[in-house]
Amino acid sequence: MTLGSINTKVGNFFVALSYRKNGDIDSVHFYSPSKEKETCKLHFYELVKRSIRLNDNLLKFTCTTILNSSFDNLTCERYLGRNFSLDSRNGNIVLTFNLFSIDKFEAYRSAMKRIDCLRAFLCVETNILFEFNGVILDNSQNNTVQNEEESSFFPDFIDFYPIDGKVLKLSKYGLRFLDELIFMDRELIHDERMKFFVSSCQHIQEGLLNELKLNVIPKYSLGDQTFAISPRELKDKQTFVTLGIMSYMSAIETASVLDGEVGQCALCGNLQYKISSRIASFMACYFNEDMGKVYKSLYTFRSKYLHAGKLATDNNYLANIPLIDTSTATGLIDDGFVSVKFNGDNSILFINNIREFSTYALRCYYQKSFFNRTVFDDLEKQEDEVKSYVPQYKGITVKSNIPGIIIEGFDIW
């Protein structure tokens with residue numbers, strides 16, 4: 001396979017690779033019609049020997065960037081790992097980390113890969129979408145990350161954000177994830193499970209991007225309350241809600257790939273992945289069976305959109321009027337939310353509910369998969385409270401004031 005041409009001090013050469021297996025290079029070939037083969041061969045042979053000799057002679061770079069979110073005046077608890085720090089300076093959240101590379105070009109590429117992984121992971125860890133303002137590279141050795149120190153961590157949570165006052169906090173496992181699996185000395189070499197999990201985080205990131213397109217922008221969080229700004233009328237709301245649901249379903253689908261059972265059709269022999277059942281099992285593992293049923297129902301919205309172009313929710317109306325829609329769980333039009341039926345009851349979910357349930361399950365998943373955590377605060381200590389996330393209010397009846405229409409067994413989350 002020809003890569004292209006390069007200009008060296010001994011002339012121009014075409015460069016090609018040969019390999020027997022994809023990703024496994026057998027030989028690198030240099031060709032020039034105007035150069036003597038033996039002279040060039042000797043020159044490149046010396047370069048290869050020099051490269052091997054200097055293989056471990058790497059430069060240390062300190063990389064710095066500022067992380068931004070939609071929250072006003074948000075600062076961060078100070079976290080120091082072996083090769084990175086997350087801190088606040090002048091009202092900004094500042095990320096600093098060390099890496100080793102052969103030159104500034106490789107350092108920049110490696111820095112961007114780490115920042116992309118960090119931003120995707122923070123979407124799961126904090127429910128917050130972060131952007132960044134460029135990257136500053138420094139190899140002067142004067143700027144370096146300090147040693148580890150004690151920090152304050154946020155406990156398990158489902159709703160809202162891990163913000164204490166105006167200070168963002170990670171879990172102790174979040175710090176370990178960044179320190180041990182992202183901000184390593186050299187290359188980001190991840191096993192298959194880690195690769196699937198990072199991809200899952202990226203789906204959550206896509207979902208948050210679509211949530212922000214709804215123009216419901218969180219500005220302040222007080223722990224049990226979050227204040228947001230939103231225009232009165234939202235354009236294309238139903239599209240962004242649908243895309244958000246698709247992203248959150250895809251996140252769970254991706255994370256559960258390695259643990260899913262693959263069957264085979266008895267008639268045609270094709271593999272059957274049973275994705276909706278796999279997603280249900282994943283969510284039931286970290287919540288309960290009812291939550292698994294909810295997510296199995298939610299997955300149908302993704303399938304209907306992909307295969308039939310049907311949006312998960314209906315158009316936005318300035319004045320909402322109850323309208324019949326037999327395709328929904330309630331029998332009425334879903335406007336800005338989705339309704340699902342399980343165990344004979346109807347429940348309403350908003351896009352932020354789906355995101356919060358998904359990220360909680362994914363936090364449990366990575367802590368169990370990579371750090372062998374098996375006991376989770378909310379599930380073990382507050383079992384009754386967690387069960388309330390799939391409420392069954394049998395005694396509540398919502399009645400319409402329109403003659404002839406009766407709605408019963410209708411739950412609002």
Side-chain angles (χ1 to χ4, degrees), residues 70 119-130 157-162 196-218 226 228 234 236-257 259-260 273-288 290-307 310-313 329 334 336-340 342 347-366 369 386 389-390 413:
S70 60
R119 291 175 57 231
F121 174 71
L122 287 181
C123 289
V124 170
E125 181 74 3
T126 69
N127 279 325
I128 300 174
L129 179 67
F130 286 94
F157 73 100
I158 297 177
D159 292 326
F160 302 109
Y161 308 91
F196 278 117
F197 176 68
V198 171
S199 295
S200 178
C201 294
Q202 290 168 340
H203 283 301
I204 296 292
Q205 188 175 28
E206 293 168 358
L208 276 167
L209 280 169
N210 281 301
E211 278 198 63
L212 286 179
K213 292 176 184 177
L214 291 168
N215 290 325
V216 181
I217 302 174
T226 296
L234 303 176
D236 298 323
K237 178 170 68 174
Q238 68 276 21
T239 301
F240 299 132
V241 169
T242 302
L243 293 176
I245 292 174
M246 287 182 60
S247 295
Y248 298 141
M249 293 302 102
S250 295
I252 304 302
E253 177 184 345
T254 303
S256 61
V257 164
D259 301 317
Y273 293 94
K274 302 179 181 178
I275 297 174
S276 60
S277 297
R278 190 175 82 214
I279 288 176
S281 298
F282 186 94
M283 296 303 295
C285 177
Y286 302 112
F287 281 91
N288 49 45
D290 281 346
M291 185 64 84
K293 293 175 183 177
V294 169
Y295 266 67
K296 191 168 187 176
S297 295
L298 285 174
Y299 191 76
T300 63
F301 290 111
R302 180 181 183 273
S303 299
K304 287 177 181 177
Y305 181 74
L306 286 177
H307 302 303
K310 179 175 172 53
L311 297 173
T313 184
D334 287 351
F337 52 80
V338 293
S339 58
V340 295
F342 62 96
S347 288
I348 281 179
L349 289 130
F350 289 88
I351 188 67
N352 60 293
N353 299 135
I354 301 170
R355 184 236 309 151
E356 289 168 341
F357 297 151
S358 300
T359 57
Y360 175 78
L362 289 171
R363 287 193 295 274
C364 294
Y365 168 78
Y366 89 75
S369 299
V386 171
Y389 282 101
V390 187
W413 293 16

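Residue numbers start at 1 and run along the sequence shown.
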Original post:
Rounded to the nearest 0.5 Å, how far apart are OG of Ser250 and CD1 of Ile204?
Top reply: 9.5 Å
Original post:
Is a donor on one side and an acceptor on the other found under 3.5 Å between the side chain of Thr359 and the backbone of Glu356?
Top reply: yes
Subject >> Closest approach of Cys364 to Tyr286 (non-hydrogen atoms, all atoms of both residues) >> reply: CB-CD2, 3.3 Å
Original post:
Is a side-chain N or O of Ser200 found less than 3.5 angstrom from the main chain of Phe196, in a donor-acceptor match?
Top reply: no
Subject >> Passing option when Tyr248 is tested against Glu253, His203, Glu211 for side chain to side chain donor-acceptor pair (under 3.5 Å) >> reply: Glu211
Original post:
What's the shortest heavy-atom distance between Phe357 and Phe287, and which atoms?
Top reply: O-CE1, 3.5 Å
**OP:** Looking only at non-hydrogen atoms, find the nearest pair between Tyr366 and Glu125 and report the distance.
**Re:** OH-OE1, 2.7 Å
Original post:
Who passes side-chain contact (heavy atoms from CB on, under 4.5 Å) against Ala120, sequence neighbours left out?
Top reply: Cys201, Gln202, Gln205
Subject >> salt bridge (Lys or Arg N to Asp or Glu O under 4.0 Å) partners of Arg363, counting only residues at least two apart >> reply: none
Original post:
So which heavy atom on Leu362 is nearest to which on Ala255, and how close?
Top reply: CD2-CB, 3.6 Å
Original post:
When the aromatic ring centroids of Tyr161 and Phe157 are compared, is their separation below 6.0 Å?
Top reply: no
**OP:** Measure the CD1-OH distance between Ile158 and Tyr360 for me, rounded to the nearest 0.5 Å.
**Re:** 5.0 Å
**OP:** Measure the spacing between CG of Leu212 and CG of Leu129 and express it to the nearest 0.5 Å.
**Re:** 5.5 Å
Subject >> Heavy-atom donor-acceptor pair, Arg278 side chain to Asp259 backbone, under 3.5 Å >> reply: no
**OP:** Name all residues meeting the salt bridge (Lys or Arg N to Asp or Glu O under 4.0 Å) criterion together with Glu206; count only those two or more places apart in sequence or in a different chain, and write none if there are none.
**Re:** none
Original post:
Where the side chain of Tyr299 meets the backbone of Ile279, is there a donor-acceptor pair that is under 3.5 Å apart?
Top reply: no
Subject >> Ile275 side, atom CD1; Thr254 side, atom OG1 - distance, nearest 0.5 Å >> reply: 9.5 Å
Original post:
Are Tyr295 and Phe282 an aromatic pair by the rule of ring centers under 6.0 Å?
Top reply: no
Subject >> Value rounded to 0.5 Å, distance of CG in Leu208 from OG1 in Thr126 >> reply: 8.0 Å
Subject >> OG-CD1 distance between Ser276 and Ile252, expressed to the nearest 0.5 angstrom >> reply: 14.0 Å
